[in-house]
Every structure is written in C-alpha cells, then in structure tokens.
Number of protein chains: 2
Amino acid sequence: MPSIDPIERTLSRQGHRLTGPRRAVVDTMRLLGNHFTAEEVQQALPAVGRATIFRTMKLMRELEMICQVVLDDGTIVYQLVGEDESEHHHHVICSDCGKVAEFTSDGLERLLEDVASMTGFEVGAHRIELYGQCDSCQKK
Amino acid sequence: MPSIDPIERTLSRQGHRLTGPRRAVVDTMRLLGNHFTAEEVQQALPAVGRATIFRTMKLMRELEMICQVVLDDGTIVYQLVGEDESEHHHHVICSDCGKVAEFTSDGLERLLEDVASMTGFEVGAHRIELYGQCDSCQKK
DNA sequence: ACAGCATTGATACCTAGTATCGTTTACCGA
DNA sequence: TCGGTAAACGATACTAGGTATCAATGCTGT
Ligand SMILES: [Mn+2]
Ligand SMILES: [Mn+2]
Ligand SMILES: [Zn+2]
Ligand SMILES: [Zn+2]
C-alpha cells in the first residue's frame, strides 16, 4: 500500500525508506506551520532521536522538500516547500514574528547574472534574503 | 600619543579603549589577508582569550570595520573593510579558495526595492551573496 | 598619580549540527 | 510470507561558532 502523501511518495520514489520517524517529522512540520526550527520539531517528537531529526531535515533539504532560511540575527528556520511549486525562489522574513514569505523575480535573476559577469567570477549560486516587517506586524 | 592607525583611531574616537588585545587582533587580521575565520585569528594569538577575540570581532562588525560573510556551506569568514570605502556592498565568494570580492550595484538595490514593495512587507535590510569560482581557480 | 569603569581571561554554557557505532527495521526477492 | 541485508535508528560524544559570568586587570580623563 503505497503512501498517498506527496512528500512520502517522493521520498520512496527517490529510493529512501519510509520509516516511522520520517513520517513523524513530516507530519510535525506540517503541524508547525509557516516556519519552524529543528529544535521545535525535536521538542514535538521526544521519542525521535536528535540525530534523526537533523538527518531527516538534511535529506529533505537535499530533495528540496524544505527551504533553509537564515534570519537577520543568524538563527536558522525551515519552511516546507509548497505542494506543487518547488521552483527557484527567495524569502522575505518578518523580523518581528518570523513569518517567511516567498518571492521570485526574473528581473532580479537576470540582473544578478550581469553583476556576476562583471566580477570576473564564474557565479553558479546565490543566497538572497530580505528582512523587514510583515503586514500584520506593521499594523501593530 | 594618539595612534596613527585608521582603525585604532576610529576605535578610540568612538569611545572604545585601545587595548593590547584589540591592537593585536587588528594587526593579525591584516596579516591574514583577504579573508579569515575567528579561529584563524585566535590561533595566531594564543595569548589572547577566546572570548576577547569574539568580543573584538563583534565590536568591529558593529562599527562596520569588518564584513561577515557566509560561505555556501554555511561556514563564516570575515573581511576587513577597505581603508576608505565602507559603503553598502555585497560579496562574491570563490567556493574553491574562499576568496572574497566585493561589488555594488545601484540597479540591484533599486530592483530589490521594487520586489520588496510587491511583497506587502516593509523591507529594511537584505543579505546577498554570490558563489562561484574566482578567475585564478577557473584556470586550474 | 590615581580612581573608576571598560575590558580582560578563565570557565561554563549555548545552538546547530555531524561522527561513531551497536541495534533495529523497512524492503525486496525467493 | 518469510528471511537477509543494507538502510536507518538512538545514544553518545564531538564539533563550530559563539555568549554569559565574574573576579582581576589596566586604560584614560582629570
Ligand atoms: Mn521557500
Ligand atoms: Mn566586504
Ligand atoms: Zn510579522
Ligand atoms: Zn578561488
């Protein structure tokens, strides 16, 4: 009986075993909502070993099932990638409540290639995050 | 006898004391060249306490005397800000040798403001790093 | 010259992971 | 459906990159 869950299906189609701990981590991430730390996942699952939490999160990052987001103070949160859209994107992060939103910009990507070509470097990847206040935090 | 050194002068003009450990850290950073880790500074100065290394680096970051740069694998290096130009800029980082170069782009900053205004966030800051190979590493 | 407070080093602690290793378990093929 | 086996697991120890505490030291303004 193959799992109906899209994340679980991708995991096993990619040749990874569908274990209890992995299912629990995925479920917990969905419960935690917009963004979560590794520690929040761990605290929600005291029966799962700490190393397994991190191993599972690393695997999910490699399979691009979660995004890693660096906050402005350097702490790290994660976000589940939306059910269908797993395209290249970046994040806007609320410095007050931690809310993470996504954006894409072809103009930005094009401009970065221009910048890259002027540096003498062969640029392959980039990291971009915007920090500010989300609309609900602005109103407060 | 006020110090002739521009970094040391700025430090004391900003109301900070010019101590032996601080001078040693600044000198060491200059010796280490283009980029360095906190650990490299510490290993070059075994007589200076670990906490002092980090305290001094934090202070210098706050005074914008050094840039903190996140490599693609997440490790952190620092770079002395050039003697005169301490303007807003970003970094291109060689994934092979770690070399850090700087760039500015008014077009990029403008475009980021446009992107920001479309997200519903009030964006105040951003983090941008480009990763690739520097020209010497490309030739190898 | 010296008082006072910034700064220091030692030490303990912290967050975010990774390495090791002996045990368990999911999966595939018979 | 029953193994055999490699993948995954939990416990534990370890790492990198810092911060908190606190008594001792030493800049610096007067
Ligand atoms: Mn995302
Ligand atoms: Mn710089
Ligand atoms: Zn918010
Ligand atoms: Zn290079």
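Any value given below was found using the heavy atoms of this structure, including those in side chains, with hydrogens, waters and symmetry copies removed. Chain identifiers are assigned alphabetically (A, B, ...) following the order of the sequence lines, protein sequences preceding nucleic acid strands; residue numbering begins at 1 within each chain.
Atom-to-atom distance recorded for B:L71:CG and B:Y131:OH is 6.5 Å, nearest 0.5 angstrom. Note that CZ of B:R61 is 4.5 Å distant from OH of B:Y78, once rounded to the nearest 0.5 Å. A distance of 12.5 Å separates CG of B:L80 from NE2 of B:H35, quoted to the nearest 0.5 Å. With rounding to the nearest 0.5 Å, the separation of CD1 in A:I93 from CD in A:Q79 is 9.5 Å. The distance from atom CG of B:L32 to atom CD of B:Q43, rounded to the nearest 0.5 Å, is 10.0 Å.
Here A:Y78 does not reach the OP1 or OP2 of C:dA16: none of its side-chain N or O atoms lies under 4.0 Å away. At the phosphate of C:dA16, neither OP1 nor OP2 sits under 4.0 Å from any side-chain N or O atom of A:T75. Taking only side-chain nitrogens and oxygens, B:R22 comes nearer than 4.0 Å to OP1 or OP2 of C:dT7. Between B:T52 and C:dG9 there is a side-chain polar atom (N or O) within less than 4.0 angstrom of OP1 or OP2. For D:dA16, the OP1/OP2 oxygens have no side-chain nitrogen or oxygen of B:Q42 closer than 4.0 Å. Proximity of A:H16 to the phosphate of D:dA8: a side-chain N or O atom is located under 4.0 Å from OP1 or OP2. Note on B:Q43: every side-chain N or O is 4.0 Å or more away from OP1 and OP2 of D:dA16.
Remark: the A:R17 side chain and the D:dA6 base include a donor-acceptor N/O pair separated by less than 3.5 Å.
Fit an axis to the five pairs at each end of the helix from C:dA1-D:dT30 to C:dA30-D:dT1 and the two axes sit 40° apart, to the nearest 10 degrees.
Nearest to the side chain of B:P21, among C:dA19, D:dG18, C:dG9, sits C:dG9. Listed candidates were D:dG18, C:dA10, D:dA11. Nearest to the side chain of B:A51 is C:dA10. In this structure, of C:dG17, C:dC27, D:dG18, it is C:dC27 that holds the atom nearest to the side chain of A:L18.
Contacts between residues 54-63 of chain A and DNA chain C, defined by a heavy-atom separation below 4.0 Å, involve A:F54, A:R55, listed by number.
Checking A:R50 against A:I53, the closest nucleotide of DNA chain D that is more toward the 5' end is the one next to A:I53. Checking B:I76 against B:T19, the closest nucleotide of DNA chain D that is more toward the 5' end is the one next to B:I76.
Residues A:E102 and A:H89 have side chains that bring a donor and an acceptor to within less than 3.5 angstrom of each other. With no hydrogens or angles considered, a side-chain donor-acceptor pair links A:H90 and A:E109 at under 3.5 Å.
The separation between A:R13 atom CZ and C:dA26 atom C1' is 19 Å, rounded to whole Å. C:dA6 atom C1' lies 16 Å from atom CD of B:Q14, rounded to whole Å. When the P atom of D:dA16 is taken as reference, atom CG of B:L71 falls 15 Å away, rounded to whole Å. Distance CG (A:L11) to P (C:dA26): 14 Å, rounded to an integer number of Å. Rounding to whole angstrom units, CD1 of residue A:I66 and C1' of C:dA16 are separated by 14 Å.
For the pair A:L108/A:I128, a side-chain contact is recorded, criterion being any heavy-atom separation below 4.5 Å from C-beta on.
B:H126 and B:H88 have perpendicular rings, their planes meeting at more than 60° on a 0 to 90° scale where under 30° would count as parallel.
Residues A:Q138 and A:Q133 approach most closely at NE2-O, 3.0 Å, considering heavy atoms.
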